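Quick notes on the structure that follows.
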There are 2 protein chains.
Amino acid sequence: MSCDPFHRHDHAACHDRTLAAVDALCAERGLQFTPTRREVLDLLLRAPKALGAYDILAQLAGDGAKAPPVAYRALDFLVSNGFAHRLEKLNAYVACAHPGDAHLPAFLICRACDRVAEADAPRPLNKAAREQGFTIEGVVMEAVGLCPACADAAE
Amino acid sequence: MSCDPFHRHDHAACHDRTLAAVDALCAERGLQFTPTRREVLDLLLRAPKALGAYDILAQLAGDGAKAPPVAYRALDFLVSNGFAHRLEKLNAYVACAHPGDAHLPAFLICRACDRVAEADAPRPLNKAAREQGFTIEGVVMEAVGLCPACADAAE
DNA sequence: TTGCGGTTGATATGATATAACATTGCGGGT
DNA sequence: ACCCGCAATGTTATATCATATCAACCGCAA
C-alpha cells in the first residue's frame, strides 16, 4: 500500500495511484488541480528524493522559464491541502505518501542517498506541551541517518 | 533548574549559570571559548526569542560591522558542541538550556510571541526506523503553537 | 626561526523565499 | 452581451539565509 523508497518496489504504481487519489480528492473538495499544480506533484512523485523549489522551477522550464513564485505557489497549494510535505531540515519538498488520510507526518532522511521515507509516528511532544500549558498546532519530526542500503554500503 | 521562557522566572540566573557551565565545559574539553563565541552565546541567552544569524551579526556590530561567516562560525561552534541548538523551522538559533547534559532536544515554538522552550521528549521515531532498517543519527522535533500567555490573550 | 593548526577578517556569491503589482480566464448576475 | 469579482498566473525586484575562498593573525612547539 504505502510507498517505501528505501526498498525496491513498483514505483510507477505508487505514482499513478497517488495522482489519481489527488485528482479524486480535489474533485470532491472543489479544489482546482490545475496543470502547474499537477505537474509539480508529478515531478515530486517521480523524483527519487526531495526537491527544492528551484529544482522544480528548473524542471518546469520546459514550458519556458518561470519565476520563483510559480513554484512556491504550487507547493503551497500541495502542502496546505496535504498532498505534499515540506522538509524543514532540507528546505525541500516531497509528495505525500497517503494523501487524504489524516496523519501526523514524520520523515526518515538518508544523508547518503537523499531518499526520504514518510513514517508513522506517535505524538511525542504532547506530554511536554501539556506540562507547560502549550497548545500544539503542528509538529515537525525529521530523522537524519542512513537507509538500509547506504548503511550496508558504508560497512 | 531549567529555564522556562513561557513563565516568569529569574532569567538573569539562568543566563549566568549557563555561561558559567559552558566556561567550565570548554575548559574541561580543551575547547577555545573565544570572545566572539562567548558574546554570541551571551546574546542568545539574553534574547527572549530565537535569533537568526543576521540578528546576531547586527548585535555584534558594536565592535564594527562583521561579515556573515563570523556569526555562522560562532554558531557552528556552539551548535556542534551542544551549547546551542538550531531551529530548522525558523532558521534561527537558541542557547541550550542544559549544556553538558546528553539530551535529545525538542522545542515548543510560540507562533505569537516567538518564544521557544526546550522540552524533553521520547524517541518516537525509533520504532518506525527499526521497521524500515533505518539508522537514526539525529532527529529534529519542533512543535509550533501557542504558549499559555498567548493562548489566554487570544481568547 | 620556522612551520603548523585554529581562529578571524573580508569579499563575493550562491541558495532559498516573498513582496508587490499587472494580467488572464472563468463563472455569475443583470 | 456586459460587467464584476475572484482565483490563478506572470513578472520584476528584493529580502533573507548560507557558504566558498583566500588572506591575515596568533599561540605554540619542533
Side-chain angles (χ1 to χ4, degrees), chain A residues 22 26-27 29-41 43-44 47 49-81 83-94 109 111 114 140 142 144, chain B residues 22 26-27 29-41 43-44 47 49-81 83-94 109 111 114 140 142 144:
Chain A
V22 173
C26 286
R29 298 180 189 169
L31 299 171
Q32 300 188 45
F33 198 31
T34 63
T36 302
R37 291 167 178 179
R38 197 170 212 283
E39 192 178 354
V40 170
L41 182 56
L43 289 169
L44 290 176
K49 57 194 203 70
L51 296 179
Y54 281 73
D55 294 335
I56 286 166
L57 209 51
Q59 296 195 242
L60 287 176
D63 319 341
K66 298 286 176 62
V70 171
Y72 284 102
R73 287 195 282 234
L75 289 167
D76 284 348
F77 170 86
L78 295 172
V79 169
S80 58
N81 290 290
F83 305 145
H85 302 292
R86 172 179 168 83
L87 297 172
E88 297 295 340
K89 181 84 185 177
L90 303 180
N91 295 331
Y93 302 81
V94 290
I109 303 168
R111 66 169 164 78
D114 291 329
V140 175
E142 300 171 7
V144 176
Chain B
V22 173
C26 287
R29 298 181 191 168
L31 299 171
Q32 300 186 45
F33 197 31
T34 63
T36 302
R37 292 167 178 178
R38 196 170 212 282
E39 192 177 356
V40 170
L41 182 56
L43 289 169
L44 291 176
K49 56 194 204 68
L51 296 179
Y54 281 71
D55 294 335
I56 287 166
L57 209 53
Q59 298 196 243
L60 286 176
D63 320 340
K66 298 289 176 58
V70 171
Y72 284 103
R73 286 194 284 233
L75 289 166
D76 283 349
F77 171 85
L78 295 172
V79 169
S80 59
N81 290 290
F83 305 144
H85 302 293
R86 173 179 167 83
L87 297 172
E88 297 295 341
K89 182 86 184 176
L90 302 180
N91 296 332
Y93 302 82
V94 290
I109 303 168
R111 66 168 164 78
D114 291 328
V140 174
E142 300 173 7
V144 176

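So you know, we letter chains A, B, ... as the sequences are listed, proteins then strands, and number each from 1. This one's a predicted model, so the numbers in the text were calculated from it and none came from an experiment.
Contact between B:D114 and B:R111 at its shortest, heavy atoms only, is OD1-O, 4.1 Å. The two atoms that bring A:I56 and A:L43 nearest to each other are O-CD1, 4.2 Å, heavy atoms only. Annotation for B:A67 and B:L57: closest pair O-CD1, 3.4 Å, computed over non-hydrogen atoms. Taking each heavy atom of B:A92 and B:A50 in turn, the nearest pair found is CB-CB, 3.7 Å.
Residues passing the side-chain contact (heavy atoms from CB on, under 4.5 Å) test with A:A74, sequence neighbours excluded: A:T36, A:R37, A:V40. Under the side-chain contact (heavy atoms from CB on, under 4.5 Å) criterion, B:R73 pairs with B:P69, not counting sequence neighbours. Applying the side-chain contact (heavy atoms from CB on, under 4.5 Å) rule to A:N81 yields the partners A:L31, A:F77, A:F83; only residues at least two apart in sequence or on another chain are considered. Evaluation of the side-chain contact (heavy atoms from CB on, under 4.5 Å) rule for A:R86 yields A:E88, A:N91, A:Y93 as partners, not counting sequence neighbours.
Atom-to-atom, CG of B:L87 to P of D:dC17 comes out at 13 Å; the value is rounded to the nearest Å. Put simply, OH on B:Y72 is 4 Å from P on D:dA18, counting in whole angstrom units. Per the geometry, OH belonging to B:Y54 stands 9 Å off P belonging to D:dA18, to the nearest Å. A:L90 places its CG atom 18 Å from the P atom of D:dC17, with the value rounded to the nearest Å.
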Exercise. Do A:L51 and A:Q59 pass the side-chain contact (heavy atoms from CB on, under 4.5 Å) test, and can you show the C-alpha distance, the side-chain angles, and the key distance before you say yes or no?
Worked result: CA-CA 10 Å; A:L51 296 179; A:Q59 296 195 242; 4.1 Å; yes
Would you tabulate the pairs of protein nitrogen or oxygen atoms and nucleotide nitrogen or oxygen atoms of nucleotides 4-12 of chain D closer than 3.5 angstrom?
from, atom 1, to, atom 2, distance (Å)
D:dA7, O3', A:Q32, NE2, 3.4
D:dA8, OP1, A:R37, NH1, 3.1
D:dA8, OP1, A:R37, NH2, 3.3
D:dA8, O5', A:R37, NH2, 3.3
D:dT9, OP1, A:T34, OG1, 2.8
D:dG10, N7, A:R73, NH2, 2.5
D:dG10, O6, A:R73, NH1, 3.2

Please list, for nucleotides 23-28 of chain D, all pairs of protein and nucleotide N/O atoms separated by less than 3.5 Å.
none

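Within the model, atoms NE2 of A:H85 and CD of A:E142 stand 11.0 Å from one another, a figure rounded to the nearest 0.5 Å. Rounding to the nearest 0.5 Å places CG of B:L75 at 8.0 Å from OH of B:Y72. Distance check, rounded to the nearest 0.5 Å: CD of B:E39 to OG1 of B:T34 gives 10.0 Å.
On the nucleic acid side, DNA chain C contacts chain B at distances under 4.0 Å to non-hydrogen atoms, with the end points of that region at C:dG6 to C:dT11.
Each end of the helix from C:dT1-D:dA30 to C:dT30-D:dA1 gets its own rotation axis from five pairs of C1' atoms, and the angle between them is 10° to the nearest 10 degrees.
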